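Below is one structure, written out as structure tokens, with a few remarks after it.
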Amino acid sequence: PLYSSAASDVYKRQLILFLYLLLLVLIPVICFIDPYKFNLKGTLINIVCFSLFSIGFINFLWAIKYIGRGLWGSIEPRLDRLIKEGPYKYIRHPVYLSAILILSSIILLKRSLVSLIIFTFLFLTVLFFRIYFEEKSLKNKFKEEWMEWKEKTNLIFPLKIFRLFI
């Protein structure tokens with residue numbers, strides 16, 4: 001074969017990273033230019049949007065406080081220790097939870113049908129693969145410590161009910 005398995009894995013990780021970052025930028029932009037809107041109006045939906053955005057943003061700041069420079073870029077762990085404090089005490093991927101909440105709030109606020117479709121079918125799929133590769137990397141680097149932490153935490157959502165599904 002032209003590419004070794006390791007080279008192919010690196011290529012897949014880079015592609016997933018590129019698509020994830022592209023969609024993080026593209027979905028909000030599409031929200032503002034999409035002429036196709038779904039019908040959701042009223043004060044309650046605005047309150048829900050503001051709440052989702054606020055929770056997502058605060059959670060993102062909380063996660064950054066603990067992960068610091070380990071956040072930016074690569075799927076590979078950039079830190080020498082496994083972060084298990086702050087939001088990482090409850091979930092393994094609080095930054096991805098923040099992305100889901102913030103993007104959902106923007107999509108609902110702008111009522112963008114195209115963004116909703118892209119978010120649901122493309123973004124969440126890319127996010128799933130990104131999480132898969134990141135979990136694999138964390139397991140390889142931190143071994144038993146990661147396995148113990150995995151047993152104590154949820155993947156993305158902090159509620160115990162989601163452990164049944166993920």
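Residue indices begin at 1 and follow the sequence shown. Just so we're clear, the structure is a prediction, and the values are computed from it rather than from any experiment.
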Hphob cluster co-occupancy, [X] + [Y], side-chain heavy atoms under 4.5 angstrom:
{"X": "Phe50", "Y": "Phe60", "value": "no"}
{"X": "Ile30", "Y": "Leu21", "value": "yes"}
{"X": "Leu19", "Y": "Phe121", "value": "yes"}
{"X": "Leu61", "Y": "Ile106", "value": "yes"}
{"X": "Phe38", "Y": "Leu103", "value": "yes"}

Within the supplied structure, the quantity of interest is the number of heavy atoms (other residues, nucleotides, ligands) at a distance under 6.0 Å from [X] [atom1]; does it exceed 12?
{"X": "Lys89", "atom1": "NZ", "answer": "no"}
{"X": "Lys139", "atom1": "NZ", "answer": "no"}
{"X": "Glu144", "atom1": "CD", "answer": "no"}

Working to the nearest 0.5 angstrom, can you tell me the gap between [X] [atom1] and [Y] [atom2]?
{"X": "Ile83", "Y": "Tyr66", "atom1": "CD1", "atom2": "OH", "result": "10.0 Å"}
{"X": "Ile45", "Y": "Leu109", "atom1": "CD1", "atom2": "CG", "result": "8.5 Å"}
{"X": "Leu124", "Y": "Ile118", "atom1": "CG", "atom2": "CD1", "result": "12.0 Å"}
{"X": "Tyr90", "Y": "Leu97", "atom1": "OH", "atom2": "CG", "result": "14.0 Å"}
{"X": "Gln14", "Y": "Leu17", "atom1": "CD", "atom2": "CG", "result": "8.0 Å"}
{"X": "Leu101", "Y": "Ile58", "atom1": "CG", "atom2": "CD1", "result": "11.0 Å"}

Exercise. How would you list, by chain and number, every residue that makes a ring-ring contact (aromatic ring centres under 6.0 Å, His included) with Phe123, sequence neighbours excluded?
Worked result: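 Per chain and number, Phe123 pairs via ring-ring contact (aromatic ring centres under 6.0 Å, His included) with Tyr20, Phe119.
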
Problem set entry | Side chains of Asn39 and Arg111 in contact at under 4.5 Å (non-hydrogen atoms) |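 Asn39 does not reach Arg111 side chain to side chain.
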
List the residues meeting side chain to side chain contact (heavy atoms under 4.5 Å, CB included) with [X], not counting sequence neighbours, and say none if there are none.
{"X": "Tyr36", "result": "Asp34, Leu113, Val114"}
{"X": "Phe133", "result": "Asp9, Lys12, Arg13, Ile16, Ile75"}
{"X": "Ala63", "result": "Pro87, Tyr88, Pro94, Val95"}
{"X": "Glu145", "result": "Leu82, Lys84, Phe142"}

Problem set entry | Heavy-atom closest pair, residues Ile91 and Leu155 |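 The pair with the smallest heavy-atom distance is CB-O, 4.1 Å.
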
Exercise. Any donor and acceptor pair, going by atom type alone, linking the side chain of Arg92 with main-chain N or O of Thr153 inside 3.5 Å?
Worked result: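 The answer is yes, because a donor-acceptor pair under 3.5 Å joins these two groups.
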
Exercise. If only atom types and distance count, is the side chain of Ser115 paired as donor or acceptor with the main-chain N or O of Ile107 below 3.5 Å?
Worked result: no

Seminar exercise, completed: side-chain hydrogen bond (donor to acceptor under 3.5 Å, both in side chains) pairs touching residues 97-110, sequence neighbours excluded, are Asn59-Ser98

